[in-house]
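Quick note on labels: first sequence line is chain A, next is B, and so on, each numbered from 1. Everything numeric in this text was worked out from a predicted model, so none of it was measured. We use all heavy atoms of the structure for the numbers below, so side chains are in, but hydrogens, waters and symmetry mates are not.
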Amino acid sequence: MIDSTSKIKELLEVALLTSQRPLSIDDFQKLFIEKIERSTIRMLLDEVKSDWHDKTMNLIQTSSGYRFEALPLFSEALMRLNPDRVMKYSRMVMEVLAIVAYRQPVTRGDIEKIRGVSLNPNALRQLIEREWVEIIGQKEVPGRPSLYATTKYFLDDFGFMSITELPDINQFTNENIIDEPIQGNIDSTQQG
Amino acid sequence: MIDSTSKIKELLEVALLTSQRPLSIDDFQKLFIEKIERSTIRMLLDEVKSDWHDKTMNLIQTSSGYRFEALPLFSEALMRLNPDRVMKYSRMVMEVLAIVAYRQPVTRGDIEKIRGVSLNPNALRQLIEREWVEIIGQKEVPGRPSLYATTKYFLDDFGFMSITELPDINQFTNENIIDEPIQGNIDSTQQG
Amino acid sequence: MSDQLDTNQLLPKVYGERIGSLPQDLYIPPDALEIYLDSFEGPLDLLLYLIRKNNIDILDIPMANITSQYMTYVEKMKAIKLELAADYLLMSAMLIEIKSRMLLPVPESEEGEELDPRAELVRKLVEYELMKSAAEELEKIPQLGKDRMVANAYFEKVTEITYPDVSVDDIFNAWKNIIKRAKQFDNHKISRSELSVREHMTIILKSLAEKELVEFSSFFDTERDPIPKLVVCFLAILELTKERLIRINQQEPCSPIYLQRENS
């Protein structure tokens, strides 16, 4: 369907403009049903880059691929749009963090199984951006899903020496059970 | 700093290209330290729109503002990039969404009554996480159940300007449900 | 005479024909009942299917036939020992109630209006089918993220992002919520020791990400580590092997044992 070179170039551009993450040459190849040579893609990306020369965005190459970036001179104004973007993590993000913390290492699939709903990719992205969660490898099952775990910074930020210092769920149940008797005891000791 | 009209226009474009959410005129005004008239912004947005005419993205207006969308002809190819990110919902979730959309505000109990089956809480949770449904209050009956309604983002993501643009429900009531039954069969079954 | 009639009515019948197996017009064979159950959204959906399948006017449901078919279906579900949802049984009760009321003389309301016992059911069926078609209509509309993509290019954030504050309690509460919701026995058994195994799994995987091959013994500082820690570390290695995340290698007897990641 998309046959001419200009159509290929358009598709590369639109993929770059709509992607949340940098795109690799492998990613670009996935866009097409027919095989497009890597060299062709590289050449067309160069053309896209020069098409955008002197415009509002730069096509840049990062370690993991290509992406469009707003020219730096716009950044300050763009930050005014969302001054304090996140003041509070959503319940979803907190649950994902808790699962990674208590159940690590986990895959995205594990998280979905535990929560029982499909996972919005933003949740993990926010936690990775915060440097509380990182990918520590791939699970050797079909699809080789990434394994997520908490980071050193996570421990630092919460003042833990180790993940075992996270509150224990069993402890919580016990506390609940002995909650009331304690009151009585305090009274009696104070009398004594 | 950003003084000339063309610079203002560039900033509008770059804001639109980097924002996931539709931007309102109020949002655009936040981009600038000096006050820019709403009419000026509207005029420049029209120019941006025509600059992009015949290109890869469309500047469209949603219920809550403006955003760039990839031309529909690219959608299929773009979905191949991240097939696992394509959020497809089960029939159950879509039914719950339809009930919230057409019968809002509704309680969980209302949804269960209409569907005749107890509701898996994940259905509402998925819709809330997707920001298509939100709790807008409590019903003043015993237990004070939450009232659910659709959000602005629901309208945006389905391309409606208002809830009145939902497909007309009466259209399928009368035709499909009551008038359609095949007379011939009824006769034969009633004879039997 | 009347006794015999009653017995016959209790047997599953479809349009006068007694059936010992699933009705022919049910399109999924009995051995696929599990899938079959999944394909219905609930008792109303099943009832609608039966009504539609037989091309019956929803406003003039032949109660006896539909009830029999419905009951056959529910019986089959029980036979296959599927966990029978209470909603399906409730619907059975409602159908039987309507059926029995239809056998009695039709009562008249105060205003002299005839009360059709089917009215409430019909109202429910109409409303449900309406919502069902509404869901299908919504599904057809191009959705963002499924059929439409928006611009989402990157920009360098210049000022410091203010991150939300999170306390340990917040994480713990989130975890409690998950467990409360999951209600599965497995998830109740999150003990401290299990957590430390999980932590060691992460530590081992991280060190294997840095170096391809790590000697087994290097994970055990037998001089300094307390015994419980050594045991936990060993359990973590076993767990990682079980989950096929790492491989344990030894070239020949008595030579050093190495750990490596499964993919390397």
Side-chain touch [X]/[Y], heavy atoms, less than 4.5 angstrom:
| X | Y | result |
| --- | --- | --- |
| B:Met94 | C:Glu136 | no |
| B:Pro167 | C:Ile141 | yes |
| B:Met79 | C:Met149 | yes |
| B:Leu166 | C:Leu138 | yes |
| B:Tyr102 | C:Leu130 | no |

Side chain, backbone, both or neither: which part of [X] has a heavy atom under 4.5 Å from chain C?
| X | answer |
| --- | --- |
| B:Asn58 | neither |
| B:Tyr153 | neither |
| B:Leu78 | side chain |
| B:Ser19 | backbone |
| B:Arg67 | side chain |

For [X] versus [Y], what's the shortest heavy-atom pair and its separation?
| X | Y | result |
| --- | --- | --- |
| C:Leu144 | B:Glu69 | CD1-OE2, 4.3 Å |
| C:Ala151 | B:Met57 | CB-CE, 3.4 Å |
| B:Ala98 | C:Ala135 | CB-N, 3.5 Å |

Please say whether more than 12 non-hydrogen atoms of neighbouring residues, nucleotides or ligands are located less than 6.0 Å from CD in B:Gln138.
-> yes
Greatest number of heavy atom pairs closer than 4.5 Å to chain B - which of C:Val122, C:Asn152, C:Ile51, C:Leu47 = C:Asn152
Identify which of C:Lys140, C:Met91, C:Lys132 forms the greatest number of heavy-atom pairs closer than 4.5 Å to chain B.
->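 Between C:Lys140, C:Met91, C:Lys132, the count favours C:Lys132.
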Which of these passes salt bridge (charged side-chain N to carboxylate O under 4.0 Å, His left out) with C:Glu127: B:Arg103, B:Lys113, B:Arg115?
-> B:Arg103
From C:Asp45 CG over to B:Glu95 CD, what is the distance, rounded to the nearest 0.5 angstrom?
->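 Rounded to the nearest 0.5 Å, the CG-CD separation comes out at 6.0 Å.
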